[in-house]
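So the structure is just underneath, and the comments pick up after that.
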Amino acid sequence: MKIIVGITGATGIIYAASLLEALSARRDVETHLVVSEWGKKTLTAETPFTLAALEQMAESVYDYNDLGAPISSGSFKTDGMVVVPCSMKTLSAVAHGYDDNLIARAAGVSLKEGRKLVLCPRETPLSAIHLENMLRLAQLGVAIVPPMPAFYAKPQSIGDLVAAHTTKVLDQFGIETGQESRWRGIDESTKGI
């Protein structure tokens, strides 16, 4: 399986790091990485990770401005793409076919080739423009998977919340890690809460 991971400058780079860690642990997944210029800045502002550490988790790394990279063409076969976190700028570019950088172009290629495209938007509150762009993309088959905390698994840390979102993203590709916390229904101890 080949998956492209795009990282933009929206807050929430930890979600991308978690996804890359999960994908790099699998021998059956080849990861192709693109990080925007603002993604690089947000990485240093929000996490202890270095760009080199993230890049080591991918098989291939491409420059954000390289529209001649293999992933910019539909003839380069992939199983799809994830943009995490996805800025509203990138979401808008994808929604309107404005392929001025490699992340937007690779996402556009995923759309035109009918491949899985997962966008993990990070913004709040959402304006009507943001919602319209998400609706437009959802109607085209894009999976909109914003990082929203799930409390049914009784998370004990921020890491648990991040891991739950990573599971949601991996589910879009049918990838199991064996560490998923899944909803199993309400048991007797939680009834009436």
Side-chain angles (χ1 to χ4, degrees), residues 3-26 29 31 33 35-36 38-50 53-54 57-58 80-92 94-95 103 107 116-139 141-193:
I3 298 176
I4 302 166
V5 176
I7 301 175
T8 70
T11 188
I13 299 287
I14 193 69
Y15 294 107
S18 174
L19 179 65
L20 287 168
E21 285 175 335
L23 292 174
S24 69
R26 299 188 59 98
V29 178
T31 307
L33 177 65
V35 183
S36 75
W38 279 106
K40 293 173 186 175
K41 291 177 183 180
T42 305
L43 174 70
T44 60
E46 291 186 354
T47 75
F49 290 98
T50 64
L54 285 188
M57 291 187 253
M81 179 175 184
V82 179
V83 181
V84 59
C86 183
S87 67
M88 290 300 120
K89 175 184 175 185
T90 299
L91 189 129
S92 177
V94 176
I103 292 175
K116 177 60 82 176
L117 178 57
V118 179
L119 302 181
C120 304
R122 270 291 303 120
E123 186 66 73
T124 191
L126 295 166
S127 75
I129 294 169
H130 301 148
L131 293 167
E132 286 174 356
N133 285 336
M134 284 187 241
L135 177 60
R136 178 185 182 114
L137 289 167
Q139 289 172 332
V142 175
I144 306 294
V145 186
M148 294 183 175
F151 294 101
Y152 56 80
K154 299 183 179 159
Q156 301 298 304
S157 68
I158 290 173
D160 290 345
L161 293 171
V162 171
H165 181 262
T166 297
T167 295
K168 293 289 186 186
V169 172
L170 294 173
D171 282 350
Q172 297 298 310
F173 292 93
I175 298 173
E176 298 275 340
T177 65
Q179 298 183 8
E180 295 86 358
S181 293
R182 304 242 180 240
W183 172 251
R184 307 230 189 275
I186 296 177
D187 64 19
E188 292 299 316
S189 67
T190 58
K191 284 187 178 173
I193 294 177

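In this chain, residues are counted from 1 in sequence order. Quick caveat, the model's predicted, so the values are computed rather than measured.
S24 contributes a side-chain N or O that, together with a main-chain N or O of E21, makes up a donor-acceptor pair within less than 3.5 Å. Using a distance-only test at 3.5 Å, with no hydrogens or angles considered, no donor-acceptor pair links the side chain of R26 to the main chain of I175. When atom types are taken as modelled, the side chain of Q172 and the backbone of A143 share no donor-acceptor pair closer than 3.5 angstrom. For the pair Q156 (side chain) and K154 (backbone), a donor-acceptor distance under 3.5 Å is present.
Note that OH of Y15 and NZ of K168 are 13.5 Å apart. Values are rounded to the nearest 0.5 Å. Taken from CD1 in I14 to CG in L43, the straight-line distance is 9.0 Å, to the nearest 0.5 Å. With rounding to the nearest 0.5 angstrom, the CG atom of L54 is 7.0 Å from the OG1 atom of T50. Taken from CG in L135 to NE2 in H130, the straight-line distance is 14.5 Å, to the nearest 0.5 Å. Rounding to the nearest 0.5 angstrom, the gap separating the OG1 atom in T42 from the CD1 atom in I7 is 10.5 Å. Atom-to-atom distance recorded for E132:CD and S92:OG is 11.0 Å, nearest 0.5 angstrom.
Other residues, nucleotides and ligands contribute only 12 or fewer heavy atoms inside 6.0 Å of the CD1 atom of I129. Within 6.0 Å of atom CD1 in I158, 12 or fewer heavy atoms from other residues, nucleotides or ligands are found, so the atom counts as exposed in its surroundings.
A pairwise comparison of heavy atoms in M148 and H165 identifies N-CD2, 4.5 Å as the closest pair. Between L117 and A107, the shortest heavy-atom contact is CD2-O, 3.7 Å. Taking all atoms of both residues into account, the shortest heavy-atom contact from F49 to A17 is CE1-CB, 3.6 Å. Of all non-hydrogen atoms in I13 and G39, the two that sit nearest each other are CD1-O, 3.8 Å.
Side-chain contact between T167 and D171 is present, with at least one heavy-atom pair separated by less than 4.5 Å. Between T8 and L91 there is no side-chain heavy-atom pair separated by less than 4.5 Å. Contact of the V5 side chain with the L20 side chain is registered, since non-hydrogen atoms from C-beta on lie closer than 4.5 Å. Using a 4.5 Å heavy-atom threshold, the side chains of R122 and P146 count as separate. Contact check for P85 versus T11: no side-chain heavy atoms found under the 4.5 Å cut-off. Contact annotation: the side chain of M81 never approaches that of I3 to less than 4.5 Å [non-hydrogen atoms, C-beta and beyond]. Using a 4.5 Å heavy-atom threshold, the side chains of L137 and V94 count as touching. Using a 4.5 Å cut-off on side-chain heavy atoms (C-beta onward), L170 and T166 make contact.
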Evaluate the side-chain contact (heavy atoms from CB on, under 4.5 Å) criterion for residues M134 and M88: first the C-alpha distance (whole Å), next the side-chain angles of each, then the deciding distance (0.1 Å), finally the verdict.
-> CA-CA 10 Å; M134 284 187 241; M88 290 300 120; 4.3 Å; yes

What's the verdict on side-chain contact (heavy atoms from CB on, under 4.5 Å) for V84 and V169, showing C-alpha distance, side-chain angles and the deciding distance?
-> CA-CA 9 Å; V84 59; V169 172; 5.6 Å; no

Would V142 and I144 satisfy side-chain contact (heavy atoms from CB on, under 4.5 Å), going step by step from the backbone distance to the final call?
-> CA-CA 6 Å; V142 175; I144 306 294; 3.9 Å; yes

Apply the test side-chain contact (heavy atoms from CB on, under 4.5 Å) to residues I4 and V82: give CA-CA distance (whole Å), side-chain angles for both, the deciding distance (0.1 Å), then the verdict.
-> CA-CA 6 Å; I4 302 166; V82 179; over 6 Å; no

